[in-house]
Number of protein chains: 2
Amino acid sequence: MSETDIFKVLADPTRRAVLEKLAAAEMTATELRDGFAISQPAMSQHLAVLRGAGLISERREGRYAHYRVAPEGLAPLHQWLAKYEAFWPSRIDNLRDLLREMDQ
Amino acid sequence: MSETDIFKVLADPTRRAVLEKLAAAEMTATELRDGFAISQPAMSQHLAVLRGAGLISERREGRYAHYRVAPEGLAPLHQWLAKYEAFWPSRIDNLRDLLREMDQ
DNA sequence: GCATCACATAAGCATAGACTTATGAGTCGT
DNA sequence: ACGACTCATAAGTCTATGCTTATGTGATGC
């Protein structure tokens, strides 16, 4: 997956919202859909795109498709961003704050 | 700048390449252009988009426009990504340890 | 003053992408 | 077996976007 593709995939607000829901818990396509004013095929297409980008993985169970985040798919984005963290003087402080929050 | 806009802006390979050139050194629009098989207006439009997203800043000097990276524009992206770093167990633990050492 | 240069803006075009409705392919309960 | 259900795929539409050529704006040098 190229960096361009990763960015394109994440440029869609619906897809980012899906990731956010999946970050909380594994979910089926229908469960993911509610809360969105979107057709079933539209959600299916978004899931296909996310899956193609390696950002989510699928577990088939009968007629249900359970999806969960595949965080390693975010690695290219992380690596890209790392190139610019040299420009963040306070980057260590930000991380420190983040980890402090996570400890709570 | 919304997260969606940031991702859209960075989804273009030319724009990311521009950022990479600017990460090395401040540069004029013409200097940025060479190496790209792209018209002058196209580059000008890309620069306008990057500027609109707060990812680069402009310094006017006579007829030249000098551009440089505005890394703070990447903050929304950084914050978004941080939400998923929780899924990176080993890396985050390493960072936690590192920062703990630095605190002593 | 005038040609040239650096860059921006306007307008038009062509492709990509997100959506829709319609339909297909399996799976489950009765 | 059959209808309901979950999800995927097909086909068509509409908008966004990245490109082009043409032109505008201001600065510079002779």
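Chain naming here is simple, since letters A, B, ... match the order of the sequence lines and numbering starts at 1 in each.
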Problem set entry | Rounded interatomic separation in angstrom, taking CG from A:Leu10 and P from C:dG17 | 14 Å
Exercise. If you measure from NZ on A:Lys8 to CG on A:Leu10, what distance do you get to the nearest 0.5 Å?
Worked result: 13.0 Å
Problem set entry | B:Leu77 side, atom CG; B:Met1 side, atom CE - distance, nearest 0.5 Å | 13.5 Å
For this session: Can you tell me which residue pairs pass the salt bridge (charged side-chain N to carboxylate O under 4.0 Å, His left out) test with a partner in residues 21-47 of chain A, sequence neighbours excluded?
Result: A:Glu26-A:Arg59
Exercise. Is there a residue in residues 14-35 of chain B whose heavy atoms reach under 4.0 Å of DNA chain D, and which residues are they?
Worked result: B:Arg15
Exercise. How bent is the helix from C:dG1-D:dC30 to C:dT30-D:dA1, comparing axes over its five end pairs at each side, to the nearest 10°?
Worked result: 20°
Seminar exercise, completed: Note: A:Gly73 and A:Pro76 closest approach over all heavy atoms is O-CD, 3.2 Å
Problem set entry | Which atom of B:Ile56 lies closest to which atom of B:Leu47, heavy atoms considered | CD1-O, 3.6 Å
Problem set entry | Any residue meeting side chain to side chain donor-acceptor pair (under 3.5 Å) with A:Arg16, in chain and number order, not counting sequence neighbours | B:Thr4
Exercise. Is there any side chain to side chain donor-acceptor pair (under 3.5 Å) pair reaching into residues 35-45 of chain A, and which pairs are they, with sequence neighbours excluded?
Worked result: none
Exercise. Taking atom P of C:dC19 as reference, at what distance in whole Å does atom CG of A:Leu47 sit?
Worked result: 12 Å
For this session: Return the minimal non-hydrogen interatomic distance between A:Ala53 and A:Ile6, and the atom names on each side.
Result: O-CD1, 4.1 Å
For this session: Kindly give the heavy-atom pair with the smallest separation between A:Met43 and A:Leu32, and that separation in Å.
Result: CE-O, 3.8 Å
Seminar exercise, completed: First and last nt of DNA chain D near chain B, cut-off under 4.0 Å to heavy atoms, 5' to 3', are D:dT17 to D:dT28
Side-chain donor/acceptor pairs under 3.5 Å, residues 63-71 of chain A, sequence neighbours excluded:
unit_1: A:His66; atom_1: NE2; unit_2: A:Glu61; atom_2: OE1; d: 3.1
unit_1: A:Tyr67; atom_1: OH; unit_2: A:Glu58; atom_2: OE2; d: 3.1

Exercise. Closest approach of B:Leu55 and B:Leu74, non-hydrogen atoms and distance?
Worked result: CD2-CD2, 3.7 Å
Exercise. Once you round to the nearest 0.5 Å, how far does NE2 of B:His46 lie from CG of B:Asp12?
Worked result: 4.5 Å
For this session: Tell me, please, which residues at least two apart from B:Ala23 pass side chain to side chain contact (heavy atoms under 4.5 Å, CB included).
Result: A:Tyr84, A:Phe87
Pull out every protein N or O sitting under 3.5 Å from an N or O of nucleotides 20-24 of chain C, one pair per line with the distance.
unit_1: C:dT20; atom_1: OP2; unit_2: A:Ser39; atom_2: N; d: 3.1
unit_1: C:dT20; atom_1: OP2; unit_2: A:Ser39; atom_2: OG; d: 2.7
unit_1: C:dT20; atom_1: O4; unit_2: A:Gln45; atom_2: NE2; d: 3.1

For this session: Could you name each residue pair satisfying ring-ring contact (aromatic ring centres under 6.0 Å, His included) that touches residues 10-35 of chain A, not counting sequence neighbours?
Result: none
Exercise. Quick one: ring-ring contact (aromatic ring centres under 6.0 Å, His included) pairs with a partner in residues 5-38 of chain B, sequence neighbours left out?
Worked result: B:Phe7-B:Trp80
For this session: Residues of residues 56-64 of chain A with any non-hydrogen atom less than 4.0 angstrom from an atom of DNA chain D: list those, numerically ordered, please.
Result: A:Glu58, A:Arg60, A:Arg63, A:Tyr64
